[in-house]
Engineer: 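Have a look at this one.
Quick caveat: nothing in here was measured; it's all calculated off a predicted structure.
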Amino acid sequence: MNKLGYFKLSALYSGLAALPPVLQLLVQPLIEGNGKLDAVDFSQIGMAEQVTALAFTLVLFSMSAALTRFYYDVEDDQEQYNKMVSGTLLSILFRGFLVAVIAWLLQDWIGAIFSQSALQNFGEYGLLAIGIGVNRAVYMSATALYRNEKKIGAFVAANIGLALLRSAFQVIAVLYWDMSFLGYLYGSFIGSTLVTLVILVYSFKKCGWHYDRQLMRPMHAFAQPLFQYALVSWGLYFVDKYFLESNPKTLGIYITAMNFANGLQLIIQGIQAATQPEVFRYFKMGLENHLTEIRSLGNMLIVQTQLLLSLAIIPIVFYIDFAFETEIKEAASYVAIILIRFIPRSQYFVFSFVLFYEKKTRVLSVLNLINLLVAIILNYYLIPIWGIYGVIFSVLVAECVLAWGVAWYAHRHFKIQWNWTKVLMIPTGVMVLIMALEIVKSIVQIAPITMAIWAALIMISGIAIAYKTEFQKVVFRK
């Protein structure tokens, strides 16, 4: 695939993958405001989302990644392909049932870990949140497979269907059923369940009902260290919110800023998901003969991430300030510094490609455990001193530890000669400059929109410096 084709494909996949969460963000002002939901309600939605995310992680067991990798082993064998798809979906549904039963039995103990009374009543919302997680696992597995097969029509239908149905039912349930975080969860569950049922009917009709243990065993072995990594990653995203949970307004503001960041994260993951199959194909054809193409794809992933962040910061800040009525507006102040966490995250994606292909995924579990421990220690000590900034700094440090740890390990064992200036040094310098600007902003009270403009300019300048030679060749090629 040439670069133009790659850009088109990655733009399509990343844009469609981001559509459901982006539409959710766009409709949030319809349910927020005086007499509607406020920062406290959004904090409860955010914590319920953490329950959903944990259920999703447990139920999925990283099988979407296994599907992506093992697809290449069965793509020419229809019978094995059918068994792989059917077995994956059946295992997801079985784990979903087990998680729901265990959560129902332990509902009092789970509720007791929260400070807010609405969250302590886990029996009211727990099974809803888990059901949404099961739906998400089915959707993620299906869309991962559609990407590999380049079934663009099915990918489009799944994402647009989820975006429209889930967002519509969220608004309807909150405004006309229950003006609380419970209404939001009911709407999410109904909308996502409709999409899940369509996916399951389509998949089982096409592939039948199979569970081949011999086929599934290596997939689970491949997925197990990735599951451990995903579980630790969930812990990383949970710990910051848990430390803020006793201060609902602050948590609601932070979660609102993070919701926009998570929307961008899905776009970045879409870019990564479009890049990974291409990188895997080049690995399959031989690293020595296709090193240039692999390096080029890695460079483009970093560039696309920085370009996306630079284009998104200003509209997000403006939208939060314009669309929301309550103290949620304060989230605009934290957008720029929160978004730069995706610079080391994109570096992690690039450096870990070879580990995924070579099935050396166990090391990721170790590195993510270190990542989580760093985040817990820093959050524990910094949140009482710096509040939201303590959370943000803790996550940034943890993300850098992960990305640079993976870079060190991958280079030591596989010797891929990346252009370190482009993929590591300049992007890290951009992140440091924006952090320094955030410190200045907090001292001299720079307006959020001004901070956003400067952050965008710094990221664009970083791209220009990294690719100065390439730009000069394009300008002066004649």
Side-chain angles (χ1 to χ4, degrees), residues 1-11 14-15 264 267-268 270-272 274-276 278-279 282 287 289-316 335-337 339-354 396 399-400 403-404 406-408 410-411 414-441 450-478:
M1 179 181 293
N2 58 34
K3 291 184 179 180
L4 180 60
Y6 162 78
F7 275 118
K8 288 180 178 179
L9 191 64
S10 63
S14 57
L264 287 178
I267 298 178
I268 294 168
I271 297 171
Q272 180 261 343
T275 306
Q276 183 169 282
E278 302 306 316
V279 173
Y282 286 126
L287 173 62
N289 297 326
H290 296 280
L291 180 59
T292 300
E293 291 87 347
I294 292 170
R295 288 179 54 175
S296 178
L297 288 171
N299 292 343
M300 286 192 288
L301 195 156
I302 300 288
V303 169
Q304 286 177 291
T305 299
Q306 284 190 226
L307 186 60
L308 172 66
L309 296 179
S310 65
L311 295 175
I313 286 179
I314 297 173
I316 289 174
V335 168
I337 190 66
L339 292 187
I340 62 171
R341 69 175 59 189
F342 296 124
I343 293 176
R345 175 56 57 168
S346 65
Q347 293 171 331
Y348 161 79
F349 285 145
V350 169
F351 300 136
S352 65
F353 279 143
V354 66
L396 279 174
E399 290 284 0
C400 289
W404 300 343
V406 170
W408 172 81
H411 181 68
F414 299 101
K415 304 298 183 184
I416 296 179
Q417 297 301 317
W418 298 106
N419 186 320
W420 296 105
T421 300
K422 291 180 178 179
V423 298
L424 186 63
M425 295 174 62
I426 290 179
T428 301
V430 166
M431 182 178 64
V432 171
L433 283 176
I434 294 175
M435 290 173 64
L437 183 61
E438 185 70 28
I439 295 173
V440 174
K441 164 180 162 287
T450 304
M451 173 68 189
I453 293 171
W454 276 107
L457 290 174
I458 289 172
M459 281 189 276
I460 292 173
S461 299
I463 295 173
I465 293 170
Y467 292 90
K468 177 178 63 177
T469 302
E470 286 81 357
F471 290 146
Q472 288 175 343
K473 288 181 180 179
V474 170
V475 173
F476 299 109
R477 62 186 174 183
K478 293 183 180 180

Engineer: If the condition is salt bridge (Lys or Arg N to Asp or Glu O under 4.0 Å), which residues does Arg341 pass it with, not counting sequence neighbours?
Structural biologist: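 Partners of Arg341 by the salt bridge (Lys or Arg N to Asp or Glu O under 4.0 Å) criterion come out as none, since no residue qualifies.
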Engineer: With a 4.5 Å cut-off on side-chain heavy atoms, are Gln347 and Trp404 touching?
Structural biologist: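 Yes, close enough: below the 4.5 Å cut-off.
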Engineer: If you measure from CG on Leu396 to CD on Glu399, what distance do you get to the nearest 0.5 Å?
Structural biologist: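 So the CG of Leu396 and the CD of Glu399 are separated by 8.0 Å.
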Engineer: Is the shortest heavy-atom distance from the side chain of Ile314 to the side chain of Ile453 under 4.5 Å?
Structural biologist: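 In contact.
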Engineer: Minimum heavy-atom separation for Pro344 and Ala403, please, with both atom names.
Structural biologist: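 Residues Pro344 and Ala403, closest heavy atoms: O-CB, 3.2 Å.
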Engineer: Under the side chain to side chain contact (heavy atoms under 4.5 Å, CB included) test, which residues partner Val303, sequence neighbours left out?
Structural biologist: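 With sequence neighbours excluded, Val303 shows a side chain to side chain contact (heavy atoms under 4.5 Å, CB included) to Ile463, Tyr467, given in chain and number order.
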Engineer: For a 4.5 angstrom cut-off between non-hydrogen side-chain atoms, does Ile268 reach Phe349?
Structural biologist: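 In short, these two side chains touch, coming nearer than 4.5 Å.
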Engineer: Heavy-atom count check: over 12 atoms from other residues, nucleotides or ligands less than 6.0 Å from Trp418 CH2?
Structural biologist: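 More than 12 within 6.0 Å, yes.
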Engineer: Taking all heavy atoms of Val350 and all of Gly298, pick out the closest pair and write down the distance.
Structural biologist: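 Reported closest heavy-atom pair: CG2-O, 3.5 Å.
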Engineer: Enumerate the salt bridge (Lys or Arg N to Asp or Glu O under 4.0 Å) contacts for residues 292-309, please, sequence neighbours excluded, ordered by first and then second residue.
Structural biologist: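 Passing the test, one end in residues 292-309: no pairs.
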Engineer: As an exercise, state the distance from CD of Gln306 to OG of Ser346, rounded to the nearest 0.5 Å.
Structural biologist: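 If we round to the nearest 0.5 Å, Gln306:CD and Ser346:OG are 7.0 Å apart.
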Engineer: Among all residues two or more places apart in sequence or in another chain, which pass the side chain to side chain contact (heavy atoms under 4.5 Å, CB included) test with Val406?
Structural biologist: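 Testing Val406 for side chain to side chain contact (heavy atoms under 4.5 Å, CB included), a comparison that skips the adjacent residues, returns Tyr348, Phe351, Ser352, Leu355, Leu364, Leu367, Leu402.
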Engineer: Residues two or more places apart in sequence or in another chain: which of them pass ring pair (Phe, Tyr, Trp, His ring centres under 6.0 Å) with Phe353?
Structural biologist: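 So Phe353 forms no ring pair (Phe, Tyr, Trp, His ring centres under 6.0 Å) with any residue.
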Engineer: How long is the span from the OG1 atom in Thr305 to the CD1 atom in Ile340, to the nearest 0.5 Å?
Structural biologist: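 The OG1 atom of Thr305 sits 13.5 Å away from the CD1 atom of Ile340.
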Engineer: Run the side chain to side chain contact (heavy atoms under 4.5 Å, CB included) test against Ser461 and tell me which residues pass, sequence neighbours left out.
Structural biologist: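 Partners of Ser461 under the side chain to side chain contact (heavy atoms under 4.5 Å, CB included) test: none.
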Engineer: Hey, what do you get for OG (Ser310) to CG (Leu457), rounding to the nearest 0.5 Å?
Structural biologist: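 Reported to 0.5 Å precision, the distance equals 9.0 Å.
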Engineer: Could you walk me through whether Ile343 and Leu309 pass the side-chain contact (heavy atoms from CB on, under 4.5 Å) test, one step at a time?
Structural biologist: CA-CA 9 Å; Ile343 293 176; Leu309 296 179; 4.1 Å; yes
Engineer: I need the full list of salt bridge (Lys or Arg N to Asp or Glu O under 4.0 Å) pairs touching residues 416-430, with sequence neighbours left out, sorted by first then second residue.
Structural biologist: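 Qualifying pairs, neighbours excluded: Lys422-Glu470.
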Engineer: Please evaluate residues Ile294 and Val354 with respect to the criterion side-chain contact (heavy atoms from CB on, under 4.5 Å), reporting the C-alpha separation (whole Å), side-chain torsions for both, the decisive distance (0.1 Å), and the verdict.
Structural biologist: CA-CA 10 Å; Ile294 292 170; Val354 66; over 6 Å; no
Engineer: Please tabulate, for side-chain N and O atoms in residues 423-440, each donor-acceptor pair with protein atoms closer than 3.5 Å (sequence neighbours left out).
Structural biologist:
from: Thr428; atom 1: OG1; to: Leu424; atom 2: O; distance (Å): 2.7
from: Glu438; atom 1: OE2; to: Tyr389; atom 2: OH; distance (Å): 2.6
from: Glu438; atom 1: OE2; to: Lys441; atom 2: NZ; distance (Å): 3.0

